[in-house]
Asker: 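The structure that follows is given in the form of structure tokens.
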Amino acid sequence: MRKVLTAIFFLSLSFITQAQKVTVKSATTAEVNKLLHDSNKKRKIVYIINRNCSASADFTPLFEEFYLKNKDDFEFVVLAIEGLKRKKDLENFLFFEGYYFPVYIVSKGNLRNTIRELCKDCDETIMGYASFFILDENNKLVEQSNFNLSKTEKIEILNNYLNE
């Protein structure tokens, strides 16, 4: 019995350590804009996630893989447009799915307005959850995804900007 309790204890510590790697912060679009403008990275990727969206569920594992391989080369900003009351739910979702990219909760509002505030040149009418846009060092739009692209096409877009 003692061995079982010891194993459970150490397993619990492992989960706590993993959960601490999940970073979810509240931010306004103005704060996210400042983060993007203050970054000196050559490329900035803003990805929009929704834990209840099938397109997000399909693409986010690939985005996580891309993030882990390239997090030092790009500024990654992942947005969740949810109410703050859902922060713990989002943290649990990220933890249990094994996603460790930092996420900013932008107060629940209109997705298109949020995109428009962060990227003046984006065509927000063709974007949805699991979409992203890429900005250059001057915060000019380089590329954007849309809801008609397959996950393979989205990864190709991301990879195209790896070596620029």
Side-chain angles (χ1 to χ4, degrees), residues 22-71 73-94 97-164:
V22 176
T23 306
V24 177
K25 297 179 182 177
S26 173
T28 64
T29 52
E31 291 168 329
V32 174
N33 250 333
K34 182 173 176 11
L35 173 75
L36 293 170
H37 281 66
D38 289 350
S39 172
N40 59 0
K41 299 274 179 129
K42 189 174 178 182
R43 294 284 185 253
K44 303 156 193 181
I45 300 171
V46 179
Y47 175 57
I48 303 160
I49 187 173
N50 182 314
R51 61 192 166 84
N52 298 315
C53 171
S54 61
S56 283
D58 195 35
F59 181 67
T60 302
L62 297 174
F63 182 83
E64 168 75 6
E65 187 177 313
F66 184 83
Y67 166 77
L68 291 173
K69 289 179 184 174
N70 303 289
K71 63 184 173 183
D73 301 323
F74 294 91
E75 183 74 50
F76 285 92
V77 177
V78 180
L79 300 180
I81 301 174
E82 300 202 21
L84 284 177
K85 293 179 182 178
R86 298 284 184 195
K87 181 179 178 184
K88 190 65 178 168
D89 293 339
L90 182 59
E91 288 171 342
N92 289 337
F93 166 78
L94 294 168
E97 293 296 326
Y99 301 142
Y100 298 106
F101 43 73
V103 176
Y104 294 90
I105 294 179
V106 179
S107 62
K108 192 167 179 90
N110 185 299
L111 173 64
R112 289 185 176 169
N113 287 342
T114 301
I115 294 169
R116 196 175 310 120
E117 287 179 42
L118 296 174
C119 179
K120 306 284 187 225
D121 297 325
C122 284
D123 182 358
E124 75 279 354
T125 63
I126 60 170
M127 295 180 74
Y129 295 113
S131 291
F132 61 84
F133 54 91
I134 303 171
L135 303 173
D136 68 12
E137 64 272 5
N138 298 313
N139 297 306
K140 300 293 181 201
L141 179 66
V142 174
E143 186 67 69
Q144 76 177 74
S145 69
N146 64 67
F147 48 70
N148 289 320
L149 296 175
S150 70
K151 61 185 176 183
T152 305
E153 291 170 314
K154 289 179 182 180
I155 289 296
E156 284 176 13
I157 290 171
L158 291 172
N159 284 325
N160 283 340
Y161 293 98
L162 250 181
N163 298 316
E164 284 193 3

Asker: Does Lys87 have any salt bridge (Lys or Arg N to Asp or Glu O under 4.0 Å) partners at least two apart in sequence or in another chain, and if so, which?
Answerer: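 By the salt bridge (Lys or Arg N to Asp or Glu O under 4.0 Å) rule, Lys87 matches no residue at all.
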Asker: What residues, two or more places apart in sequence or in another chain, satisfy salt bridge (Lys or Arg N to Asp or Glu O under 4.0 Å) together with Lys120?
Answerer: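 Once residues adjacent in sequence are excluded, Lys120 has no partner under the salt bridge (Lys or Arg N to Asp or Glu O under 4.0 Å) criterion.
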Asker: Using modelled atom types only, decide if a donor and an acceptor are shared between the side chain of Asp58 and the backbone of Ser54 within a distance under 3.5 Å.
Answerer: no
Asker: Output, in order, the C-alpha distance, side-chain angles, deciding distance and verdict of side chain to side chain contact (heavy atoms under 4.5 Å, CB included) for Asn148 and Ile126.
Answerer: CA-CA 8 Å; Asn148 289 320; Ile126 60 170; 5.8 Å; no
Asker: Please report the shortest heavy-atom distance between Phe76 and Lys71, naming the atom on each side.
Answerer: CE1-CA, 3.5 Å
Asker: Looking at CD1 of Ile155 and CG of Leu62, how far apart are the two atoms once the value is rounded to the nearest 0.5 Å?
Answerer: 5.0 Å
Asker: First locate atom CG of Asn139, then atom CG of Asp38, and finally report the distance between them rounded to the nearest 0.5 Å.
Answerer: 9.5 Å
Asker: Taking all non-hydrogen atoms of both residues into account, name the closest pair between Pro61 and Ser56 and its distance.
Answerer: CD-O, 4.2 Å
Asker: Does Val78 reach the side chain of Tyr104, with side-chain heavy atoms less than 4.5 Å apart?
Answerer: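 In short, these two side chains do not touch, never coming nearer than 4.5 Å.
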Asker: Do Leu111 and Tyr129 have side-chain heavy atoms sitting under 4.5 Å apart?
Answerer: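 Yes; the side chains approach each other to less than 4.5 Å.
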Asker: Closest heavy-atom contact between Ala27 and Val32?
Answerer: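 That would be CB-CG2, 3.9 Å.
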Asker: Set out, in order, the CA-CA distance, both residues' side-chain angles and the distance that settles side chain to side chain contact (heavy atoms under 4.5 Å, CB included) for Leu79 and Leu118, then state yes or no.
Answerer: CA-CA 11 Å; Leu79 300 180; Leu118 296 174; 3.3 Å; yes
Asker: Does some side-chain heavy atom of Arg51 sit less than 4.5 Å from a side-chain heavy atom of Leu90?
Answerer: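 Side-chain contact under 4.5 Å: yes.
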Asker: Rounded to the nearest 0.5 Å, how far does OG of Ser145 lie from CD1 of Ile157?
Answerer: 6.0 Å
Asker: For Glu124, which residues count as a salt bridge (Lys or Arg N to Asp or Glu O under 4.0 Å) partner, sequence neighbours excluded?
Answerer: Arg116
Asker: Is a salt bridge present between Glu31 and Lys34, judged by a nitrogen-to-oxygen distance below 4.0 Å?
Answerer: no
Asker: May I ask you to decide if Ser150's main-chain N or O and Glu153's side chain share a donor-acceptor pair within less than 3.5 Å?
Answerer: yes
Asker: Does Ser39 have any side chain to side chain contact (heavy atoms under 4.5 Å, CB included) partners at least two apart in sequence or in another chain, and if so, which?
Answerer: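 Ser39: side chain to side chain contact (heavy atoms under 4.5 Å, CB included) contacts with Lys41, Lys44, Glu75.
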Asker: Side-chain contact test, heavy atoms from C-beta onward, threshold under 4.5 Å: evaluate it for Phe101 versus Thr23 and give yes or no.
Answerer: no
Asker: Who pairs with Glu65 by side chain to side chain contact (heavy atoms under 4.5 Å, CB included), at least two apart in sequence or on another chain?
Answerer: Lys69
Asker: Measure the spacing between CG of Asp136 and CG of Leu141 and express it to the nearest 0.5 Å.
Answerer: 9.0 Å
Asker: Please determine which of Phe147, Tyr47, Tyr99 meets the ring-ring contact (aromatic ring centres under 6.0 Å, His included) test together with Phe59.
Answerer: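 It is Tyr47, the one option of Phe147, Tyr47, Tyr99 that forms the ring-ring contact (aromatic ring centres under 6.0 Å, His included) with Phe59.
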Asker: Please determine whether side chain to side chain contact (heavy atoms under 4.5 Å, CB included) holds for the pair Val103 and Leu94, giving the CA-CA distance in whole Å, both sets of side-chain angles, and the decisive distance to 0.1 Å.
Answerer: CA-CA 9 Å; Val103 176; Leu94 294 168; 3.6 Å; yes
Asker: Quick one: are Lys140 and Leu135 in side-chain contact, heavy atoms under 4.5 Å?
Answerer: no
Asker: Mind checking salt bridge (Lys or Arg N to Asp or Glu O under 4.0 Å) for Arg86 and listing every partner two or more places apart, or none if nothing turns up?
Answerer: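 Partners of Arg86 under the salt bridge (Lys or Arg N to Asp or Glu O under 4.0 Å) test: Asp89.
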Asker: CG/Asn146 to CZ/Phe132 distance, rounded to the nearest 0.5 angstrom?
Answerer: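 Rounded to the nearest 0.5 Å, the CG-CZ separation comes out at 9.5 Å.
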Asker: Hey, does Val142 have a side-chain heavy atom less than 4.5 Å from the side chain of Tyr161?
Answerer: yes
Asker: Evaluate the side-chain proximity of Phe133 to Met127: yes if any heavy-atom separation is below 4.5 Å, no if none is.
Answerer: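 A side-chain contact exists here, since the closest heavy-atom pair is under 4.5 Å.
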Asker: Starting at CD1 of Ile81, measure out to CZ of Arg112 and round the result to the nearest 0.5 Å.
Answerer: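 Nearest 0.5 Å value for the CD1-CZ distance: 12.0 Å.
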Asker: Given the rule in the side chain to side chain contact (heavy atoms under 4.5 Å, CB included) test, do Thr29 and Asn113 qualify, once you have shown the distances and angles that lead to the verdict?
Answerer: CA-CA 10 Å; Thr29 52; Asn113 287 342; over 6 Å; no
Asker: Should Phe63 and Ile45 count as side-chain neighbours, where that means a heavy-atom distance under 4.5 Å?
Answerer: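 Answer yes - side chains close enough.
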Asker: Spell out, as yes or no, whether a donor-acceptor pair under 3.5 Å connects the side chain of Gln144 to the backbone of Asp123.
Answerer: yes
